[in-house]
Amino acid sequence: MKIKHTYSPEETEFLGYELGLLLKDEYKVVILLDGDLGSGKTTFTKGIARGIGVTDIVNSPTYTILKKYHTKDYRKVLYHLDLYRLDHVGDDFDLEEYIDGQGMIVVEWPYKVSEFMPKDYLLVNIKKVSDTEREFILTCVGIPCKRAVQYI
Ligand SMILES: Nc1ncnc2c1ncn2[C@@H]1O[C@H](COP(=O)(O)OP(=O)(O)OP(=O)(O)O)[C@@H](O)[C@H]1O
Ligand SMILES: [Mg+2]
């Protein structure tokens with residue numbers, strides 16, 4: 001487990017960027033972002049995307065549930081999910097229907113879908129400490145993120 005603090009959106013994006021850099025060579029990583037509205041999940045995701053080499057602009061997928069991005073060299077895929085509006089989908093939601101074998105998968109509001117819990121994942125709890133301060137608690141469950149959490 002690792003605890004980090006940021007004091008501006010730019011710092012949050014940079015923290016995500018560092019995490020992206022540390023994880024960019026992993027075959028598959030699932031990152032679960034848990035935090036209140038406006039805590040910084042999407043801001044953090046923008047940084048992760050940049051860290052793994054996505055050059056397109058990453059925006060909140062709230063109205064589409066899922067957005068898919070490629071790195072500039074097309075070697076890596078980023079899936080950005082926002083499950084906030086999935087209340088009524090119930091247990092039918094199956095991540096595997098949306099996502100194939102590999103890539104970086106970032107999920108906002110992962111607990112909206114009770115069924116959804118991969119075996120290996122990096123859990124990031126984000127807390128609003130003040131208007132501008134955020135606390136990040138990073139917990140790695142499984143193998144692929146151990147090194148990243150150690151070095152970030
Ligand atoms: N240290 C900080 N880190 C991140 N965002 C911050 C910080 N301080 C202030 N903010 C503000 O908090 C908001 C974070 O918005 P963001 O869309 O990233 O949150 P979110 O968790 O994705 O929200 P939602 O649940 O609606 O998807 C922005 O308005 C940003 O300017
Ligand atoms: Mg968001």
Side-chain angles (χ1 to χ4, degrees), residues 1-24 26 28-72 76-100 103-118 120-141 144-145 148-152:
M1 193 187 92
K2 186 65 76 72
I3 299 179
K4 293 276 183 178
H5 287 253
T6 67
Y7 300 89
S8 68
E10 292 74 22
E11 276 189 41
T12 291
E13 192 174 335
F14 188 72
L15 185 64
Y17 172 71
E18 289 181 307
L19 185 65
L21 284 182
L22 286 163
L23 291 171
K24 71 176 168 41
E26 298 296 337
K28 179 169 188 165
V29 180
V30 179
I31 301 178
L32 307 181
L33 299 182
D34 179 40
D36 289 343
L37 282 170
S39 56
K41 300 181 291 297
T42 300
T43 306
F44 191 63
T45 305
K46 287 173 192 277
I48 295 172
R50 210 156 50 78
I52 68 168
V54 172
T55 49
D56 291 333
I57 292 167
V58 172
N59 287 314
S60 174
T62 296
Y63 296 99
T64 53
I65 294 170
L66 171 75
K67 278 193 186 173
K68 183 176 179 181
Y69 300 89
H70 288 274
T71 53
K72 203 176 180 186
K76 191 103 199 158
V77 179
L78 166 70
Y79 297 93
H80 183 195
L81 285 89
D82 189 326
L83 306 185
Y84 187 68
R85 282 164 202 284
L86 269 189
D87 272 340
H88 305 295
V89 173
D91 292 343
D92 290 342
F93 181 76
D94 180 5
L95 186 71
E96 299 303 325
E97 281 178 28
Y98 290 79
I99 292 163
D100 43 44
M104 172 75 76
I105 302 160
V106 177
V107 188
E108 298 189 34
W109 299 100
Y111 303 124
K112 284 276 173 179
V113 179
S114 57
E115 294 285 287
F116 174 73
M117 193 50 76
D120 298 324
Y121 57 90
L122 171 56
L123 174 63
V124 182
N125 294 104
I126 311 175
K127 291 202 181 83
K128 283 190 200 177
V129 180
S130 73
D131 274 358
T132 53
E133 183 181 353
R134 303 290 186 267
E135 182 181 77
F136 289 76
I137 303 174
L138 297 101
T139 310
C140 180
V141 177
C145 49
V149 170
Q150 185 182 346
Y151 287 107
I152 198 164

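All heavy atoms count here, side chains included; hydrogens, waters and symmetry mates do not. Read the numbers this way: they start at 1 and go in the same order the structure lists the ligands and their atoms. Predicted model only: the values in this text are computed from it and were never measured.
Put simply, the side chain of Lys68 never gets that close to the backbone of Val77: no donor and acceptor are under 3.5 Å apart.
In this structure, Ile126 falls outside the shell of residues with a heavy atom less than 4.0 angstrom from ligand 1. Contact analysis leaves Phe44 out of contact with ligand 1, as no non-hydrogen atom separation drops below 4.0 angstrom. Taking a 4.0 Å cut-off on heavy atoms, Leu33 fails to register as neighbouring ligand 1. Close to ligand 1: Pro9, with a non-hydrogen atom less than 4.0 angstrom away. Note on ligand 1: Arg134 sits in its first shell, one or more heavy atoms being nearer than 4.0 Å.
No donor-acceptor contact under 3.5 angstrom links the side chains of Glu133 and Thr6, judged on distance only. A donor-acceptor contact closer than 3.5 angstrom links the side chains of Glu108 and His80.
Counting heavy atoms closer than 4.0 Å to ligand 1, residue Ser8 contributes backbone atoms (N, CA, C, O) but none from C-beta onward. For Glu108, every heavy-atom contact with ligand 1 shorter than 4.0 Å involves the side chain, none the backbone. When heavy-atom distances to ligand 1 are checked against a 4.0 Å cut-off, Tyr84 has no atom that comes that close, whether in backbone or side chain.
Considering only heavy atoms from C-beta on, Leu32 stays 4.5 Å or farther from Leu122 through its side chain. In this structure the side chain of Met104 never reaches within 4.5 angstrom of the side chain of Val54, judged on heavy atoms.
With Asp82, Asn59, Thr6, Leu37 as candidates, the residue nearest to atom 26 (O) of ligand 1 on a non-hydrogen basis is Leu37.
Every atom of ligand 1 with a heavy atom of Trp109 under 4.0 Å away is listed here by number and element: 25 (O). For ligand 1, the atoms sitting less than 4.0 Å from at least one non-hydrogen atom of Asp131 are 8 (N), 9 (C), numbered in the order shown with element in parentheses.
Atom-to-atom distance recorded for Leu21:CG and Ile52:CD1 is 10.0 Å, nearest 0.5 angstrom.
Checked against a 6.0 Å centroid threshold, the rings of Phe44 and Phe136 count as neighbours.
The Mg ion (ligand 2) is closest to atom OE1 of Glu108 (considering only N, O or S atoms).
Backbone and side-chain nitrogen or oxygen atoms of Lys41 are examined, and one is located within less than 3.5 angstrom of a nitrogen or oxygen of ligand 1. Close N/O approach between Thr132 and ligand 1 is found [any backbone or side-chain N/O within under 3.5 Å].
Metal site remark for the Mg ion (ligand 2): Asp82 contributes no N, O or S atom at a distance under 2.8 Å. Thr42 lies close to the Mg ion (ligand 2), since one of its N, O or S atoms is found at a distance under 2.8 Å.
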| So Glu135 and Lys128, salt bridge (charged side-chain N to carboxylate O under 4.0 Å, His left out) or not? Walk me through it. | CA-CA 7 Å; Glu135 182 181 77; Lys128 283 190 200 177; over 6 Å; no

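The pair Glu11-Arg134 fails the salt-bridge criterion, with no side-chain N (NZ, NE, NH1 or NH2) lying under 4.0 Å from an Asp/Glu carboxylate O.
Using cut-offs of 30° and 60° on the angle between ring planes, the pair Tyr17 and Phe14 is tilted.
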